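This structure is a prediction, so every number in the text was calculated from the model and none was measured.
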Amino acid sequence: MDSQKKLFQSVYVAIFFAQGALIPYMTLYFSQTKFGLTPSQVGIIVAILPILSIGVQPLWGMLTDRTGRVRAWLILAMLSAALISLTFLVATSYVWIVVLMVIWSVFQCAHIPLVDMMTLDYTTRSKVDYGAIRLYGSAGFAIAVFVMGRISDSTWGLASTFVLSAILLFLGSVFVRMIPEKSSTRDVTLASLSWTAVWNKPFVFFLCGGMLVFGPIYANNYYFGLYVTNSGGSTTLVGTLFLVAVLFEIPFMKVASQLMERYGSVSVLVGAAIISAVRNGVLALEPPIWVVWLLAIAQGLVVGLLIPVALQFVRTLVDRQVSSTAIGVYMALTSGLATAGFNMLSGKIIELDDILGVFWMYTIVTAIGALIWIGMSRRTLKG
């Protein structure tokens, strides 16, 4: 069991290291003068991944529900994304970049839902805490953003983000291949999919609030770098702040299950959402740098609690036979539709106002999302 747990932890490190080396710096990379792109065009480019996730992630979920072969699909998705990411190094025109982003995103958006499906099945069977495995993803992300911040300030430049990401995905696919087959398959659903089993009222309420809470959190990964550099900071500072934020995710992921058992899933979700709204509002006020460091810690608290609690909460809202599909829908609408919308909206706000307007917008919509979850909690109690 210990060896399998270490393999799952290694896969999370690899997948999230690959994302941490790329996602936070993608906006900075395509904002370079050599591409000649407008902020709106950059916003569209970074929105392609979450946009495609809307339709593609549920398809990956249904595919695994029908075939049960999670490991095989995850390896295919990781190797394909790694190979395609290297082609960005020779892309210069806007159209060519968009085409590559579309192809790459189809495979990239499968990584987290598929590895989460494998891990949740494993932790359920083995009575292992999901957070104790998922926190290794946060560690990988933290190391990646810090290392990439240092590298991007060197002669290697921001182009190295794609190379580093590809290397880690190749390595991660090797770890996935080492996971025993019995720990990477699911019961096959032969009956036709019942959408009413997925789209029940509590799940819909959760998704409505989740889109408004998670959308700004994921969009922050794309635009926080611009916030820091526009304030006079370096890319090294960007990487260091991300490192601090993600390192603080780890202890909160560790205690997420205990907090969920003590206070309830919805209470933890609402509390984290309120902290996220406050964090965005303070950033919009242009605080001194020492406050930004404290807000990085707050961001770690928010993500460290929201991700494991929300994922496990989704599984309680639907039947087990459609849990993969529900997870795919949840990720498609939060990391997909909502993130895409906020990425594009952020680009427009920057053109009309500045980066501070982006964080005011994040503050308002996150607060609305928290209110929806409060309403969901009260509706559940009345029911």
Side-chain angles (χ1 to χ4, degrees), residues 1-19 22 49 52-87 100 102-126 128 130 133-134 136-137 140 165-193 198 311 314-315 318-332 335-336:
M1 182 183 298
D2 289 341
S3 62
Q4 289 188 42
K5 182 178 178 180
K6 290 179 180 178
L7 283 174
F8 277 104
Q9 290 169 338
S10 299
V11 173
Y12 271 97
V13 170
I15 287 178
F16 280 86
F17 192 108
Q19 287 211 352
L22 186 57
L49 172 61
L52 285 184
S53 298
I54 300 167
V56 176
Q57 280 185 330
L59 291 179
W60 284 109
M62 287 187 285
L63 190 62
T64 56
D65 276 337
R66 299 290 294 182
T67 65
R69 303 301 300 274
V70 188
R71 184 180 70 169
W73 294 118
L74 179 56
I75 292 174
L76 172 66
M78 292 174 71
L79 291 177
S80 299
L83 288 171
I84 296 168
S85 66
L86 295 176
T87 62
L100 286 177
V102 170
I103 301 173
W104 173 77
S105 297
V106 169
F107 298 101
Q108 179 69 23
C109 70
H111 299 167
I112 295 179
L114 291 187
V115 73
D116 278 342
M117 292 169 199
M118 288 177 59
T119 306
L120 286 170
D121 285 343
Y122 163 73
T123 55
T124 300
R125 289 195 305 268
S126 305
V128 177
Y130 165 79
I133 296 178
R134 174 58 177 78
Y136 278 79
S165 179
I167 292 173
L168 266 295
L169 287 179
F170 278 120
L171 182 61
S173 67
V174 175
F175 292 134
V176 176
R177 183 68 180 83
M178 295 169 63
I179 296 175
E181 186 73 22
K182 65 180 181 179
S183 296
S184 62
T185 57
R186 298 174 56 83
D187 296 333
V188 178
T189 303
L190 297 177
S192 58
L193 178 65
V198 177
L311 189 62
V314 167
R315 287 168 61 90
V318 299
D319 295 334
R320 185 182 183 278
Q321 289 79 5
V322 293
S323 61
S324 292
T325 303
I327 290 173
V329 170
Y330 150 67
M331 291 189 172
S335 64

J.: What do the steps show when you test Gln19 against Ile112 for side chain to side chain contact (heavy atoms under 4.5 Å, CB included), and what is the final call?
T.: CA-CA 10 Å; Gln19 287 211 352; Ile112 295 179; 3.6 Å; yes

J.: If every non-hydrogen atom of Ser165 is compared with every non-hydrogen atom of Ala18, which pair is closest and at what distance?
T.: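 Scanning both residues completely, I find the closest heavy atoms to be OG-O, 3.1 Å.
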
J.: Roughly how far apart are Thr119 OG1 and Leu7 CG, rounded to 0.5 Å?
T.: 11.0 Å

J.: The criterion is side-chain contact (heavy atoms from CB on, under 4.5 Å); which residues satisfy it with Leu59, sequence neighbours excluded?
T.: Met62

J.: Just jot down the side-chain contact (heavy atoms from CB on, under 4.5 Å) partners of Ile103, sequence neighbours excluded, or say none.
T.: Ile84, Val99

J.: Looking only at heavy atoms, which two atoms of Ala82 and Ala166 are closest? And how far apart?
T.: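 Heavy atoms of Ala82 and Ala166 come nearest at O-CB, 3.5 Å.
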
J.: Mind checking the OG-CD1 spacing from Ser10 to Ile15? Nearest 0.5 Å is all I need.
T.: 11.0 Å

J.: Give, for atom CZ of Arg71 and atom CD1 of Ile179, the distance between the pair rounded to the nearest 0.5 Å.
T.: 8.0 Å

J.: First locate atom CG of Leu168, then atom CZ of Phe175, and finally report the distance between them rounded to the nearest 0.5 Å.
T.: 9.0 Å

J.: Please list all pairs passing the side-chain hydrogen bond (donor to acceptor under 3.5 Å, both in side chains) test where one or both residues lie in residues 104-118, with sequence neighbours left out.
T.: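 Sorted result for residues 104-118: Tyr12-Asp116, Asp116-Tyr130.
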
J.: Supply the atom-to-atom distance Thr123 OG1 to Ile133 CD1, rounded to the nearest 0.5 angstrom.
T.: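 Nearest 0.5 Å value for the OG1-CD1 distance: 6.0 Å.
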
J.: Look only at the side chain of Ser173 and the backbone of Phe170, and say whether a donor-acceptor pair between them is shorter than 3.5 Å.
T.: yes

J.: For a side chain to side chain contact (heavy atoms under 4.5 Å, CB included) check, start with the C-alpha distance between Tyr330 and Leu311, then their side-chain angles and the critical distance, and finish with the verdict.
T.: CA-CA 9 Å; Tyr330 150 67; Leu311 189 62; 4.0 Å; yes

J.: If I compare all heavy atoms of Val106 with all of Val56, which pair ends up nearest, and what's the gap?
T.: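 Smallest heavy-atom distance, with atoms named: O-CG1, 3.6 Å.
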
J.: Tell me, please, which residues at least two apart from Leu63 pass side-chain contact (heavy atoms from CB on, under 4.5 Å).
T.: Trp60, Thr67, Trp73

J.: Give the C-alpha distance, both sets of side-chain angles, the deciding distance and a yes or no for side chain to side chain contact (heavy atoms under 4.5 Å, CB included) between Val13 and Gln9.
T.: CA-CA 6 Å; Val13 170; Gln9 290 169 338; 5.6 Å; no

J.: If you look at every heavy atom in Phe16 and Gly137, which pair is closest and at what distance?
T.: CB-O, 3.0 Å

